[in-house]
Each structure stands twice: as structure tokens, then as C-alpha cells.
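Worksheet: the structure to be examined is printed underneath.
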Amino acid sequence: MAGLSDIEWTDATWNPVSGCTIVSPGCTNCYAMRMAARLQAMGHGSYRGVTRKSGNRPVWTGKIILNERMLTAPLTWRKPRMIFVNSMSDLFQDGVPTEYIGSVWDVMEAAHWHIFQILTKRPDNMARILSEGDFPVLENVWLGTSVENSRYVPRIDDLRRAPASVRFISFEPLLGSVSGAVLKGIDWAIVGGESGPGARPMLVDWVDEIKIACDAADTAFFFKQWGGINKKKTGRTYRDRVWDEMPAALKVS
Ligand code: SF4
């Protein structure tokens, strides 16, 4: 899967890896797991065996596929884009060889006219692998982690340890208060409620806490959606306006 995206904070997706495993409550209604099951059912080779049925719903099997044929796709996209890396997986999950991450890095370095947004729920792995290996800090590579409730606030410290030019947090799906989260050194925060079947609610108080933390740390604030069963209906207006702030470093050249 690679191509244009309707995710509000990016332009395109690029999936050099498929398959994943659940790591925290934010994964429970994982969109990628549902979509991977659909693609697998359609016979898409990049998703063969990555999900199985458990009751009525698909779950990951733990199989990871390295989509080497997809590796060079961004080099063929001449128009500069913001590219969400591994929207269907997690580049820093156990089982992805460091050499393969190195190949992803080589492509991102060569495709310098794009911005690459890497989002992981394993920022501890990310910080360790990038610090120990030969991974240059690239201006066009942004590193991020997801935080869904207070229990996962320590991921922000892990992210700060990862060598990066731009760091961002995805508070989506926001499932609880993250009161006390400090965003110093974080360039960008995305906030969103869960959407789709079984969506869990997001309270405005939780969003307020993040907005206050953003203001205190000079962190750009992007409000993606309220979510729910019908996300078009609930919309993306927070405190009477749409918030589409981007990191100060944004520069597509
Ligand atoms: S880490 Fe991401 S892709 Fe993997 S199961 Fe969790 S939400 Fe889905």
C-alpha cells in the first residue's frame, strides 16, 4: 500500500513493512489490522498471513512482511509530499531487522524533497536502534510516538532520546487524560478521538489539558477529529475553530 492519503496531517502513505502486533490499548480497534485483513482477503501478496479471524474480528498473527518492492516508491514521486511511513504497521516493532530499517533510511535520505513522518508505539526501540546504529539525523525525517492515556506518557521521554530534527506526538486515539505530560522539546502534537465501529469517547477536558501543555512548550497543535461512529458528523472543530498548526520546521523543498 502506497499512495495518496486522506489522513488530515499527511499527504501520502508508504508501507515498506506489513504486519504488526498489539502493544497497548490504543491498538484495540487498529484500523491497519482491519484494512490488512481486507487486503489479505483480496489476495494482496504484501498482506498474506498477517491476520487471522478471532471470533468475528481480524487479529494480527504476528507475521511481518518486508515489502522490498515498495522500498523505492518515494523516489518515483517527483512532487514533494509529506509521507506517513508505515501507516499499516510499526517500523520499530521487534522482528524488523536493523539492516532493513537502514534501507528505509537510505531511501528517505535519497528522497530529500519529501518529508517522512515515522510514528511508532515502540519509541524505546526507536531510540535504542537509532542511537546505536549508523542512522544520520535527517532534516526531512520526523519521528513521533503515540500516547493514548497517562500510562503511556513515558513514551514522550523515549521519543526525546531518539535523535531527530523534528519530534511529534500523536494523541490519537485519545482514551484518557494525559494530565502532567510535559511537551518540552516536542515540535508537534496531533490530537484525535477514535473513529469507526466500537469507537471510545474522548472528553473535551483531555483535549484542553493537551492544548495547555502545547502552549506552555510552544508545541504546534493539530486537532484532527472528535471521532465516533460518524466522524464527519462530529467534525474537527475544537473551541470554535479548526487547528491545523504544523511544526515550525516545515519546509518542503
Ligand atoms: S502499533 Fe499501530 S499498527 Fe501496530 S497494532 Fe498498534 S495501532 Fe495497529
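All heavy atoms count here, side chains included; hydrogens, waters and symmetry mates do not. Every number for a ligand or one of its atoms is a count from 1 in the order of the listing. Only a predicted model underlies this, so the values are computations on that prediction, with no experimental measurement involved.
Nearest non-hydrogen protein atom to atom 1 (S) of ligand 1 is Arg122 NH1, 3.3 Å.
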Stepwise side-chain contact (heavy atoms from CB on, under 4.5 Å) test for Thr145 and Phe168
CA-CA 7 Å; Thr145 192; Phe168 68 100; over 6 Å; no
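Contacts of Lys231 classified as salt bridge (charged side-chain N to carboxylate O under 4.0 Å, His left out), with partners at least two apart in sequence or in another chain: none. Not a single side-chain hydrogen bond (donor to acceptor under 3.5 Å, both in side chains) links Asp11 to another residue, sequence neighbours left out.
Nearby protein atoms of type N, O or S around atom 4 (Fe) of ligand 1 amount to 1 (distance under 2.8 Å).
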Distance-only donor-acceptor hits, side chain of residues 215-222, under 3.5 Å, sequence neighbours excluded:
residue: Asp215; atom: OD1; partner: Lys211; partner atom: NZ; Å: 2.7
residue: Asp215; atom: OD2; partner: Lys211; partner atom: NZ; Å: 3.1
residue: Thr219; atom: OG1; partner: Ile186; partner atom: O; Å: 2.8

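The existence of a salt bridge linking Glu148 and Arg200 is excluded, since no basic side-chain nitrogen approaches an acidic carboxylate oxygen closer than 4.0 Å.
The shortest side-chain heavy-atom distance between Ile64 and Ser18 does not fall under the 4.5 Å cut-off.
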